[in-house]
2 protein chains.
Amino acid sequence: MMIDDAAVRLEALGNPTRLKIYRSLVRAGHSGMAVGKLQASLDLAGSTLSHHLKALVIVGLVAQERQGTTLICRANYEMMRGLVDFLVAECCVDACECAPAEAARS
Amino acid sequence: MMIDDAAVRLEALGNPTRLKIYRSLVRAGHSGMAVGKLQASLDLAGSTLSHHLKALVIVGLVAQERQGTTLICRANYEMMRGLVDFLVAECCVDACECAPAEAARS
DNA sequence: ACGGTATTTCCAGAATTATGGAAATAATGT
DNA sequence: ACATTATTTCCATAATTCTGGAAATACCGT
């Protein structure tokens with residue numbers, strides 16, 4: 001994952017409301033969760049929720065599928081895994097014990 | 001890690017400039033990097049860099065230590081690990097599709 | 001077509017963030 | 001004390017984000 005892609009995804013998750021939305025979707029698992037149910041469970045104005053969901057969808061962290069009048073939202077686990085992998089790679093450039101190549105392990 | 005703590009750290013990393021700053025510090029390893037060196041390598045106004053560093057320090061992702069007139073900055077690996085653990089935990093609450101790459105079921 | 005439910009878009013205001021020049025502070029050496 | 005280097009704080013401005021009411025759109029059953 002490119003650094004700017006990572007940044008936009010981190011930014012999307014970096015809002016408390018959006019992080020709660022995302023967490024709800026993760027917890028909902030495979031079957032996902034309808035927008036309306038999210039709205040009830042998180043107690044947000046519909047338009048506010050819609051804006052936040054859009055932000056998550058745009059960066060690929062959430063996918064949506066229409067089922068009649070309701071819109072099912074699902075967490076994109078693979079995208080999250082890519083993000084975590086990016087962070088781990090950044091965090092552990094020097095992997096075990098975090099020692100840079102030139103500064104041997106102490 | 002509490003969800004709001006995770007959110008503020010994600011937000012801190014969710015700015016492209018700050019993510020690049022953080023990455024530079026991670027790559028600098030445990031010896032860290034002086035503010036001035038960061039400034040030269042990232043080509044930022046001093047005040048801008050100082051603001052971003054402060055944001056990273058406040059959320060605990062970066063630590064600073066004075067050495068004479070220069071200020072050494074270091075990535076806080078443990079904090080990042082806590083953040084990654086949070087994300088993995090959120091991601092794998094239900095289904096384990098976001099587990100470590102090699103463990104993913106097809 | 002109509003009525004109802006679900007969701008988004010439009011619009012606007014308030015709040016926050018990003019940026020950087022200029023002045024201030026910090027630390028050191030002479 | 002003074003000069004020098006390193007960094008921050010003060011200040012302002014432009015840009016972006018967050019929020020939600022109201023209107024619009026989407027979909028379905030009858």
Side-chain angles (χ1 to χ4, degrees), chain A residues 3-25 28 31-76, chain B residues 3-25 28 31-76:
Chain A
I3 192 167
D4 286 333
D5 295 324
V8 298
R9 283 164 195 146
L10 290 167
E11 182 185 39
L13 292 174
N15 173 279
T17 301
R18 279 195 300 272
L19 189 54
K20 284 172 187 114
I21 291 169
Y22 182 80
R23 182 176 61 169
S24 295
L25 293 179
S31 44
M33 204 166 176
V35 173
K37 199 174 164 195
L38 269 172
Q39 184 182 353
S41 100
L42 294 173
D43 192 28
L44 296 169
S47 56
T48 300
L49 175 57
S50 188
H51 291 314
H52 284 311
L53 277 172
K54 189 166 155 189
L56 290 167
V57 168
I58 284 175
V59 302
L61 282 164
V62 166
Q64 293 179 317
E65 179 200 354
R66 266 224 171 266
Q67 281 183 5
T69 60
T70 79
L71 192 61
I72 304 296
C73 306
R74 293 190 181 84
N76 182 342
Chain B
I3 192 167
D4 286 333
D5 295 325
V8 298
R9 282 162 195 149
L10 290 167
E11 181 185 40
L13 292 173
N15 172 279
T17 301
R18 278 194 300 270
L19 188 54
K20 286 174 186 110
I21 291 170
Y22 182 80
R23 182 175 61 169
S24 294
L25 292 180
S31 49
M33 202 166 176
V35 173
K37 199 173 165 198
L38 269 173
Q39 184 182 352
S41 98
L42 294 173
D43 193 28
L44 295 170
S47 55
T48 300
L49 175 58
S50 187
H51 290 314
H52 283 309
L53 277 173
K54 188 166 155 188
L56 289 167
V57 168
I58 283 174
V59 302
L61 281 164
V62 166
Q64 293 179 316
E65 180 199 353
R66 266 221 174 268
Q67 280 184 5
T69 62
T70 79
L71 192 62
I72 304 296
C73 306
R74 294 189 180 86
N76 182 341

- Query: Excluding sequence neighbours, so at least two apart, what forms side-chain contact (heavy atoms from CB on, under 4.5 Å) with A/Ser24?
  - Reply: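 So A/Ser24 forms a side-chain contact (heavy atoms from CB on, under 4.5 Å) with A/Met33, A/Leu38, A/Leu42.
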- Item | Partners meeting side-chain contact (heavy atoms from CB on, under 4.5 Å) with A/Gln67 (sequence neighbours left out) |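 Counting only residues at least two positions away or on another chain, A/Gln67 forms a side-chain contact (heavy atoms from CB on, under 4.5 Å) with A/Glu65, A/Thr70, A/Ile72, A/Arg74.
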- Does OP1 or OP2 of C/dT19 have a side-chain N or O of B/His52 closer than 4.0 Å?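 Affirmative; the distance criterion is met.
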- Summary of protein contacts for nucleotides 24-30 of chain D, nucleotide by nucleotide, where a base hit scores B, a sugar-phosphate-only hit scores S (4.0 Å, heavy atoms): ---BS--
- Item | Those residues of residues 40-48 of chain A lying under 4.0 Å from DNA chain D by at least one heavy atom |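 Result for residues 40-48 of chain A: A/Ala45, A/Ser47, A/Thr48, sorted by number.
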- Within residues 8-16 of chain B, find the residues that approach DNA chain D with a heavy atom at under 4.0 Å, and present them sorted by residue number.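 Within residues 8-16 of chain B, no residue comes under 4.0 Å of DNA chain D.
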Can you give me the closest heavy-atom contact between [X] and [Y], atom names plus distance?
X       : Y       : answer
B/Leu19 : A/Ala6  : CD2-CB, 4.1 Å
B/Pro16 : A/Asp4  : CB-OD1, 3.9 Å
B/Asn76 : B/Tyr22 : O-OH, 4.0 Å
B/Cys73 : B/Val35 : SG-CG2, 3.7 Å

- Message: Counting only side-chain heavy atoms from C-beta out, which of D/dT8, C/dG20, D/dC18 sits nearest to B/His51?
- Response: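 Minimum distance to the B/His51 side chain belongs to C/dG20.
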Between [atom2] of [N] and [atom1] of [X], the distance in whole Å:
X       : N      : atom1 : atom2 : answer
A/Ile58 : C/dT8  : CD1   : C1'   : 13 Å
A/Arg18 : D/dT17 : CZ    : C1'   : 8 Å
B/Ile72 : D/dT5  : CD1   : P     : 18 Å
A/Gln64 : C/dT9  : CD    : C1'   : 14 Å
A/Leu71 : C/dA6  : CG    : P     : 13 Å
A/Leu56 : C/dT7  : CG    : C1'   : 16 Å
B/Leu38 : D/dT8  : CG    : P     : 10 Å
A/Leu53 : D/dG20 : CG    : P     : 14 Å

- Got a second to check how far A/Lys20's NZ is from A/Asn15's CG, nearest 0.5 Å?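 The NZ atom of A/Lys20 sits 8.5 Å away from the CG atom of A/Asn15.
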Quick one: side chains of residues 44-61 of chain B, donor-acceptor pairs under 3.5 Å with protein atoms, not counting sequence neighbours, listed by atom name and distance.
| unit_1 | atom_1 | unit_2 | atom_2 | d |
| --- | --- | --- | --- | --- |
| B/His52 | ND1 | B/Arg18 | NH1 | 3.1 |

